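Everything below concerns the one structure shown next.
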Amino acid sequence: MSLTVARVEPSIAGVGDYIELMKPRVMSLVVFTALVGLLVAPGHVHPVIGMTALLCIAVGAGAAGALNMSYDADIDALMARTAGRPVPRGRITAGEAAGFGMTLAAFSVVTLGLLVNWVAAAMLGFTIFFYVVIYTMWLKRSTPQNIVIGGAAGALPPMIGWAAVTGSTAVEPVLLFLIIFFWTPPHFWALSLYRTDDYARAGVPMLPVVAGDRETRRHILIYTLLLAPLGVTPWLFGYAGSTYGVAAAVVGAIMIALALRVRAERSGHTASKQMFAFSILYLFLLFAMLLVDRTSGLLFGHIAL
Amino acid sequence: MTTVSDPVDDFTKRFMGEPMGDPPPQPGVRLTEQQLRARRARSIAIALALGAFVIVIFLVTIVRLGGNVLTRPM
């Protein structure tokens, strides 16, 4: 009788590898949009409670990132953009990443519920579930609409921030949700236009892989035409002043101009790279302007000290 | 790279004795310098995270209780 003993090599993963597992750049955008949701919400929240909410949202986003990297290690290894991630590089095993992600997910949701409120905690739990199970495990490998529907996960943080203050939701945070929801497809499709080979090699059915370059450029324009007016709606609905309205219209017009250039581009990817870069700035500017508009002169004035 | 002791070898040495002149080998997994450094860094990070968690719980408790923190039944 032979006895097989599994030998597990002790980990050489450093702290940096675990931080990388939490997708810090995505996390910073999540924290920023959640902060805006939290600061524009009516009512009062103590700064310590507000900071705790943001910390939980950040850790929850990191948990979702770790779980995503754990599940996607096979396709990450095939794409140049993601091959350097800790799991495909062999620094962390997929099991360690999953354990790390699950621990952080449980801690962030329970802590947010116990220390802030359970509405925000339920939303955070749903966001992690949606990103990991609905997007990563299901949609990403099965449909070119993956980032359209999956984008809902990235759009929820301002609603969580709002719920952390009010314990509920309203039309305004839903508008913020819709802005990010319609921003996600043109942002990722612009990226996928010049990473098509990567996605094709990994078997990820992104729009340019499945429907081609021309169709993707058309879709980018359609979604940008929907996004630009949505960006102005906080002003149209009376939630923001005219300064915000004018600024949102200007950056929205720039987005449309870039989408038209992407649509017209026949060779090369200069326009799609510009579109991808500006789309990040667009979302940042929109939320920053909303923050300044709503809190002008009294940035933290509505937070009870 | 790690070394894992052979259970048959361990058994033989325990009951049959060590061969003369050889230093007794240490049983178990031996970590390399890199693995030890990585483990130490991870341990410090976990300690800092736990410390931060305790501070957050403490601060939120004080905020939630407010002035009542000094009120206690005698």
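Computed from a predicted model, the values in this text were never measured in an experiment. All chains are named by letter (A, B, ...) in the order of the sequence lines, taking the proteins before the strands, and each is independently numbered beginning at 1.
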Correct closest heavy-atom pair for I12(A) and R42(B) would be C-NH1, 4.2 Å
Heavy-atom distances under 4.5 Å only: say whether V60(B) touches chain A with side chain, backbone, both or neither. both
Side chain from CB out, backbone as N, CA, C, O: work out which of these in R40(B) comes under 4.5 Å of a heavy atom of chain A, or both, or neither. neither
Applying ring-ring contact (aromatic ring centres under 6.0 Å, His included), which residue pairs with at least one partner in residues 82-115 of chain A are found, sequence neighbours left out? Y18(A)-F100(A), F107(A)-F53(B)
Got a sec, which residues hit side chain to side chain donor-acceptor pair (under 3.5 Å) with R201(A), two or more places apart in sequence or on another chain? D198(A)
Crowding at CE, M137(A) (>12 non-hydrogen neighbours, <6.0 Å): yes
Mark yes when over 12 heavy atoms from residues, nucleotides or ligands other than R89(A) sit less than 6.0 Å from its CZ; otherwise mark no. yes
With only heavy atoms counted, which part of S11(A) is less than 4.5 Å from chain B, the side chain, the backbone, both or neither? both
Is there any residue in residues 67-88 of chain A with a non-hydrogen atom under 4.5 Å from a non-hydrogen atom of chain B, and which ones are they? none
Filtered by a 4.5 Å non-hydrogen cutoff, the part of residues 113-130 of chain A contacting chain B is L115(A), V116(A)
Residue from V56(B), V63(B), I44(B) scoring the most non-hydrogen pairs under 4.5 Å with chain A is V63(B)
